[in-house]
Structure formats: structure tokens, C-alpha cells
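Values reported hereafter were calculated over all heavy atoms of this structure, with side chains retained and with hydrogens, waters and symmetry mates removed. The structure presented is a predicted model; accordingly, all values stated were derived computationally and were not measured. In what follows, every chain begins at residue 1, and chains take the letters A, B, ... in the order their sequences are listed.
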There are 2 protein chains.
Amino acid sequence: MKEEKLLLSSQICFPIYSVSRLLTKAYKPHLEELGITYPQYLVLMVLWENDKVSVNQITEKLLLNTNTMSPLLKRMEKMDLVNRTRSKEDERIVIVALTDKGRELKTKALPIPDRLFDEIVTDEIEIDDMLKLKDTLCELISVLTVKNEASVPSE
Amino acid sequence: MKEEKLLLSSQICFPIYSVSRLLTKAYKPHLEELGITYPQYLVLMVLWENDKVSVNQITEKLLLNTNTMSPLLKRMEKMDLVNRTRSKEDERIVIVALTDKGRELKTKALPIPDRLFDEIVTDEIEIDDMLKLKDTLCELISVLTVKNEASVPSE
DNA sequence: TATATTTGCATCGTGCACGATATAAGCGTG
DNA sequence: CACGCTTATATCGTGCACGATGCAAATATA
């Protein structure tokens, strides 16, 4: 029954892919209050931890490439969340720094993860996508657990 | 230490988001041999399991919306992987069916998941992204395990 | 049988992702 | 200094994702 391997449910990748999208969707209403998208939220988190970092440092933290970051940062600059200035020591490097507006968003962003986690765990919100998210998350956990037991990295 | 909550590492969402992208990237070279993308691969898997289904049935399986599926299916039709015909019983419904070419891809696609899993588990491939993937996957598993223990759904 | 509502799909606009490529600054070596 | 090589960022093209909107076919309701 080699066929089984091609079922969607038997693959690690599909549930991860779905949960990722559904989680981003779950974040959306909260982030919309701040007027930002999920990737922009990630960039802000990097800067809230450590302000004034190079584009490269951000891409390393987020595992994204500059061809994604450059336009993203440009949009964020246009929104007055960050500003970008060339380093004087090395003209190749662009330093990304929070504006006051970008810094202030941190307070509003703080409660989001907890609020979201509560929404998922408790059954307060019975929205369609939230149910799918819970189901898919449980599926992912079980698949990962099996896969993980089958192949603990030899450290 | 409420601050901690905003660290990237302490959130469920970021590792899932990263693993999802890195896994898709890991699939890429294998799928490129078939000339398809990851979402196209997902559509084909649905059709390999069950040919001649409506657009709606595909979106339900993949948890995607028609505004993503419609152009995706159009591209796949242009690539001669599927064809789209309006149902005669209900003119609103579009039936998606595999072409011979689409059906034949199944054989080539069968070994991909196993090959990929081996690549990740064993250290045969020490590509940069693959290492990130392993790290992030392990992180994800540990985060999910903690979160899961803290909140097993009451069934 | 008219009208309203629902359903299934498509289109549009925007924002990622990412491979390929470009470009300019810095660096290394002769 | 000239040369090539590396590094940091940007640009371009393509393909998702997805909210908002549109539209026609089917169905429900008056």
C-alpha cells in the first residue's frame, strides 16, 4: 500500500502549510487594529527586541531573503513605522530603525499572543477557520509526534 | 517579565510560519523535476485521490478559497495537467479532471515524500536551508508539545 | 410566477515569497 | 593602484494568498 504515502493527511508538509495560513489568518484581525500585516509584525518584533539593525540581520532572524525584505521595509517606511539609513562605516549596509510610531505599537502588540492563544484554546470563538485551525493543529501535533519518535536527531 | 511573550522564539506562530516556508523550499527541487509548484502539487494530490471533483471540493480539502484556486487551476489547465468543464446538471459548478499528463505525474511524485523525509532526517544534505529547517522543526515540536500539554482539548 | 437569497466561481488589488539578476561598496592579492 | 571576488541590498518577474466585489445559475419564498 505504497499509495497511502500520497494521501494529504499522511504528509507532514500539508498540515504545517495549512496551520501556518490559518494562524496568520487568526492573527489578522488583531494586527489590523495596528494597521500592519503578519510579516510586518515579525519585523517589528525583531526591532522591539533590538533596534537599529541591518537589513541582513533581520532577514537572518526571520529566515527571509532580501528580495522579500527590501520591498517590505520600504512599505513600512512609507507607513512611518521604520526609517532606513545607509551606514556611514559601510555604505552597503542599510540600518533599519524604529520611528516613534513603530516603537509605540509595541504596547498594543503585547497582549496579542495571549489573546489569540486563549481564542484558540477556549471555545469562545467558534468561527469556521478557528475550528479548522484547531483540527489541523491537533493533526499536526500527532503527525509530528509520530515522525519525531521515529527519528530523534542523534545529538 | 511580560516582555518575554513578544520574543520570536516564544511564539507558536513564527516557527510554524518558518517551517512551512522552509519545507516548501525543500520540496521545490523535487517538484521542479515535474515542472510544478507546491500548491499545484497539492491540487494534483487531491485529484489523484479522487478525480473529477468540483472547484469547491478542492478548496475544502486544501482549506483555500476560490480566489486562490481559480487562477491556480487556470495555470494548471494551460500546462495541460487538468481540464475544467462546467457541470451540465448545475451550470455553476466547474468540474476539474486530470489529463493524461496530470495522471502520469503521479508515478514520478510517489517517491518524493520519502526521499524528502530521508533528506531531512539523515545528514546526507547539509544545505543551509535544510539545517535551518531541522532546527526550526525541532523548535516547533518542543513549543507545540509544551502548548499541547498545557491545553489538551476537553474531549 | 416574480423576487429575494444563496451558491459556485471568477476578477481585482495588494502584499508577500523567492529565483534570477543587477549594482555598488568593500576587500584581497599581485 | 588594478584586478577580481565577496558582500549587502535592490529590482524584476512569477505565483501564490486573500479580502472585497461581481455575476450568473440555482433555490427559496412570497
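- Nearest nucleotide to the side chain of B:Asp90, out of C:dC18, D:dA26, C:dT11: D:dA26.
- Residue A:Glu32 contributes atom CD, which lies 8 Å from atom P of D:dG19 at whole-angstrom precision.
- In the set C:dA10, D:dT9, C:dA17, the nucleotide with an atom closest to the side chain of A:Thr66 is D:dT9.
- Residues A:Ile95 and A:Ile58 fall into different hydrophobic clusters, defined by Ile, Leu, Val, Met, Phe, Trp and Tyr side chains chained together at heavy-atom separations under 4.5 Å.
- In this structure, the nucleotide among C:dC16, C:dA25, D:dA17 sitting nearest to the side chain of A:Arg92 is C:dA25.
- Counting only distance, with no hydrogens or angles, the side chain of B:Thr59 and the backbone of B:Asn56 share a donor-acceptor pair below 3.5 Å.
- Using a 4.0 Å heavy-atom distance criterion, B:Ser54 is classed as a sugar-phosphate-only contact.
- To the nearest 0.5 Å, atoms CG (B:Asn83) and NZ (B:Lys52) are separated by 9.0 Å.
- Going from atom CE of A:Met79 over to atom P of C:dG15 covers 9 Å, rounded to whole Å.
- Comparing B:Asn67 and B:Lys88 by the nucleotide of DNA chain D whose heavy atom lies nearest to each, the residue mapping closer to the 5' end is B:Asn67.
- As a whole-Å value, the separation of A:Leu31 CG from D:dC18 P is 14 Å.
- For A:Val94, the side-chain atoms get nearest to D:dT9 when compared with the rest of C:dC16, D:dT9, C:dA10.
- Taking the six-membered ring for Trp and thresholds of 30 and 60 degrees, A:Tyr27 and A:Tyr41 have ring planes inclined between 30 and 60 degrees apart.
- Considering only side-chain N and O atoms, B:Tyr17 lies under 4.0 angstrom from the phosphate OP1 or OP2 of C:dA17.
- Side chain of A:Lys74, nearest nucleotide from D:dA10, C:dC16, D:dT11: D:dT11.
- Closest-nucleotide positions on DNA chain C for B:Arg21 and B:Ile93 were compared, and the one nearer the 5' end corresponds to B:Ile93.
- A:Ile93 and A:Val46 are not part of a single hydrophobic cluster, where members link through side-chain heavy atoms under 4.5 Å apart.
- Regarding A:Lys25, its NZ atom lies at a distance of 19 Å from the P atom of C:dG15, rounded to whole Å.
- Nucleic acid contact for A:Thr37: sugar-phosphate only, since backbone atoms but no base atoms lie under 4.0 Å from a heavy atom of the residue.
- B:Thr99 places a side-chain N or O within donor-acceptor distance of the main-chain N or O of B:Gly102, the cut-off being under 3.5 Å.
- Atom CG of B:Asn56 is separated from atom P of C:dG8 by 5 Å (rounded to the nearest Å).
- Among the nucleotides C:dG15, D:dC16, D:dC18, the one closest to any side-chain atom of A:Arg75 is C:dG15.
- Proximity of A:Gln57 to the phosphate of D:dA8: no side-chain N or O atom is located under 4.0 Å from OP1 or OP2.
- Side-chain proximity of B:Pro39 to C:dG15, D:dC16, D:dT11: nearest is D:dC16.
- Among C:dG19, C:dG26, D:dG19, the nucleotide with an atom closest to any side-chain atom of B:Asn65 is D:dG19.
- Distances shown here put every side-chain N or O of A:Tyr38 at or beyond 4.0 Å from the OP1 or OP2 atom of C:dG15.
- Within 4.0 Å of A:Glu89, counting heavy atoms only, lie sugar-phosphate atoms of the nucleic acid but no base atom.
- Counting to the nearest Å, the P atom of D:dC18 and the CG atom of A:Leu23 are 12 Å from each other.
- A:Leu72 has its CG atom 13 Å from the C1' atom of C:dC18, to the nearest Å.
- Here D:dA8 presents its P atom at 16 Å from CG of A:Leu73, a figure rounded to the nearest Å.
- Listed nucleotides D:dA25, D:dA8, C:dA20 differ in distance to B:Glu91; the shortest reach to its side chain belongs to D:dA25.
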